[in-house]
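The structure appears right after this line, and notes come after that.
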Amino acid sequence: MTRDELHDLDDLNDLDELHGRLRAYEGRTAASGGAGRDPVNEPMIRHWCEAMGDANPAYPGIAPPTMLQAWTMGGLAGHPDGSARSEAYDELLASLDDAGCTSVVATDCEQEYVRSLRPGDEITFDAVIESVSPRKTTKLGTGYFVTTRMNVRTGDGELAGTHRFRILKYAPARSKAEPKREPKREPKREPEREPEPRRQRESERTADRPRRPRPVINRDNAGFWEGVARHRLLIQRCLDCAVPRFPWLPGCGACGSQRWEVVEASGAGTVFSYVVMHHPPFPAFDPPYAVGLVELAEGVRMVSGITGVPYDKVRIGMPVELEFLRVDEELELPVFRGAEA
């Protein structure tokens, strides 16, 4: 055997050994002591059915079976103390990270329904590491499929259903012909010309670039887009509890009131969180680019593009200022310009 063949054989032996270590986690606890934040309830059932377009007359007397996982979610606040992911599951993921499988993508889920859930049912759940696949090669990269099985029960311990969730932990595949991408350089501004206030003069669109997706405008958010057309960032404020809100909604999430007024935001904000989009590519965009969750001075947050700084210079807490980006002859969008420290 050649030296390269011996080296490849050693790599395969190492991978087989890794899979053996990973399989030792099968059957161990992935999460325990989980409890739903709220009992099964009619408002959530109605919202779900409206979103899904499901007019089954059995609802909301019972919950749609496919809501099974919804009752286990912790929301932005997370689950209360005592319901946590296990050390075993964290160790499994850490072992995959150490092996170079640092990326993750959810691939699929399977649900089995044992009994109907009804308003008032209290939900508990636990999860087990069901399986770890042998090493697999996909278009995304090479790694391992990890499957967990969650058992969802009612307060009396009766099994209501199971939820299997599968992820791929993988090492990203290298592109064979991907050119090195240089960070975009911002064009020099001409100091002798007065820039238009809070507006970019140049269109992003080129003759051969597809159009960006159009926003969905309806009776609930039409006022916001009318403001954008006048270069004004408009949010709502409840007339009963004075809580501001965005995106536009017909009712207040804090008190339920349907009385509200329009307030023009100052345009000042900070980056609350952000992601850098690399994949998948979209024809109308030029990755990599930063998408931020911007917290406005008025206290609401909105998702928007971050301009004015390279994508790899965006940071949480970075001050940003509103401007309007002319995407094409029909579409203009509010974005936020950041400034490097």
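One is the number of the first residue; the rest follow in order along the sequence. All values below were derived from every heavy atom in this structure, side-chain atoms included, with hydrogens, water molecules and symmetry-related copies excluded.
- Dense packing is recorded around OH of Y113, with more than 12 heavy atoms of other residues, nucleotides or ligands lying under 6.0 Å away.
- By the 4.0 Å N-to-carboxylate-O rule, E330 lies close enough to R211 to be salt-bridged with it.
- In terms of heavy atoms, G269 sits closest to V294 at CA-CG1, 4.3 Å.
- With hydrogens and angles disregarded, a donor-acceptor distance shorter than 3.5 Å links the side chain of N41 to the backbone of M44.
- For E91, the CD atom counts as densely surrounded, since its 6.0 Å shell holds more than 12 non-hydrogen atoms of other residues, nucleotides or ligands.
- The hydrophobic clustering, which links ILVMFWY residues whose side-chain heavy atoms are closer than 4.5 Å, places L325 and F282 apart.
- With sequence neighbours left out, F285 forms a ring pair (Phe, Tyr, Trp, His ring centres under 6.0 Å) with Y289.
- Going from atom CE of M67 over to atom OH of Y59 covers 10.0 Å, rounded to the nearest 0.5 Å.
- Between V146 and the choices V104, L96, T107, L168, the side-chain contact (heavy atoms from CB on, under 4.5 Å) rule is met once, by L96.
- In the hydrophobic clustering of this structure, V275 groups with V303; members are Ile, Leu, Val, Met, Phe, Trp, Tyr whose side-chain heavy atoms approach within less than 4.5 Å, directly or through other members.
- Between L331 and P215, the shortest heavy-atom distance links the atoms CD1-CD, 3.8 Å.
- If you look at W260 and W248, their ring centroids are closer than 6.0 Å.
- Residues C49 and P60 fail the side-chain proximity criterion, which asks for heavy atoms closer than 4.5 Å.
- Within the 4.5 Å cutoff, the side chain of H19 has no heavy atoms near those of the R135 side chain.
- Between the side chain of N218 and the main chain of N221, a donor-acceptor pair closer than 3.5 Å is present.
- The nearest pair of heavy atoms linking L233 to F324 is N-CZ, 4.3 Å.
- Qualifying side-chain hydrogen bond (donor to acceptor under 3.5 Å, both in side chains) partners for D156, counting only residues two or more places apart in sequence or in other chains: T154.
- The salt bridge (Lys or Arg N to Asp or Glu O under 4.0 Å) contacts involving residues 48-75 comprise nothing, where partners must be two or more places apart or lie in separate chains.
- The backbone N or O of A229 sits nowhere less than 3.5 Å from a side-chain atom of R232 that would complete a donor-acceptor pair.
- Checking side-chain atoms of Q258 against main-chain N and O of P250 turns up no donor-acceptor pair under 3.5 Å.
- Of the possible polar contacts, none joining the H279 side chain to the P287 backbone as a donor-acceptor pair under 3.5 Å is found.
- Through direct or indirect side-chain contacts shorter than 4.5 Å among Ile, Leu, Val, Met, Phe, Trp and Tyr, V128 is connected to no other residue.
- Of the possible polar contacts, one joining the S304 side chain to the P334 backbone as a donor-acceptor pair under 3.5 Å is found.
- Remark: side-chain polar atoms of E332 are not paired, donor with acceptor, to backbone N or O of V228 under 3.5 angstrom.
- Checking each of R23, R164, R166, R28 against E130 for a salt bridge (Lys or Arg N to Asp or Glu O under 4.0 Å) leaves exactly one that passes, namely R164.
- Residue A63 comes nearest to V40 through the heavy atom pair CB-CG1, 4.1 Å, listed as atom of the first residue, atom of the second, then distance.
- A salt bridge does not link R212 with D328: every distance from a Lys NZ or Arg NE/NH1/NH2 to an Asp or Glu carboxylate oxygen is 4.0 Å or more.
- Within a 6.0 Å sphere centred on CD of E87, heavy atoms belonging to other residues, nucleotides or ligands number 12 at most.
- The existence of a salt bridge linking R337 and E321 is excluded, since no basic side-chain nitrogen approaches an acidic carboxylate oxygen closer than 4.0 Å.
- Contact of the Q111 side chain with the P65 side chain is not registered, since no non-hydrogen atoms from C-beta on lie closer than 4.5 Å.
- Annotation: the span from D38 atom CG to W71 atom CH2 amounts to 8.5 Å, rounded to 0.5 Å.
- Grouping Ile, Leu, Val, Met, Phe, Trp and Tyr residues whose side-chain heavy atoms lie under 4.5 Å apart, directly or via other members, places V114 in a hydrophobic cluster with L159.
- For the residue pair V309 and G338, the shortest heavy atom distance occurs at CG1-O, 3.4 Å.
- Of the possible polar contacts, none joining the T148 side chain to the A127 backbone as a donor-acceptor pair under 3.5 Å is found.
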Quiz item: Passes side chain to side chain contact (heavy atoms under 4.5 Å, CB included), L92 versus L22? Steps please.
Solution: CA-CA 7 Å; L92 170 61; L22 298 176; 3.6 Å; yes
Salt bridge (charged side-chain N to carboxylate O under 4.0 Å, His left out) for D121 and R115? Distances and angles first, verdict last.
CA-CA 12 Å; D121 282 340; R115 56 148 287 187; 2.9 Å; yes
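- Not a single donor-acceptor pair under 3.5 Å links the side chain of E42 to the backbone N or O of P119.
- Contact check for Y170 versus T138: no side-chain heavy atoms found under the 4.5 Å cut-off.
- Between L18 and A99, the shortest heavy-atom contact is CD2-CB, 3.6 Å.
- Clustering of Ile, Leu, Val, Met, Phe, Trp and Tyr by side-chain heavy atoms under 4.5 Å joins V216 with none of the others.
- Between H278 and Y311, the ring planes lie perpendicular to each other; the angle is over 60°, past the 30° to 60° tilted range.
- Cluster annotation: F336 is connected to Y274 through the hydrophobic network of ILVMFWY side chains, with a link wherever side-chain heavy atoms come within less than 4.5 Å.
- At most 12 heavy atoms of other shown residues, nucleotides or ligands fall within 6.0 angstrom of atom CZ in R219.
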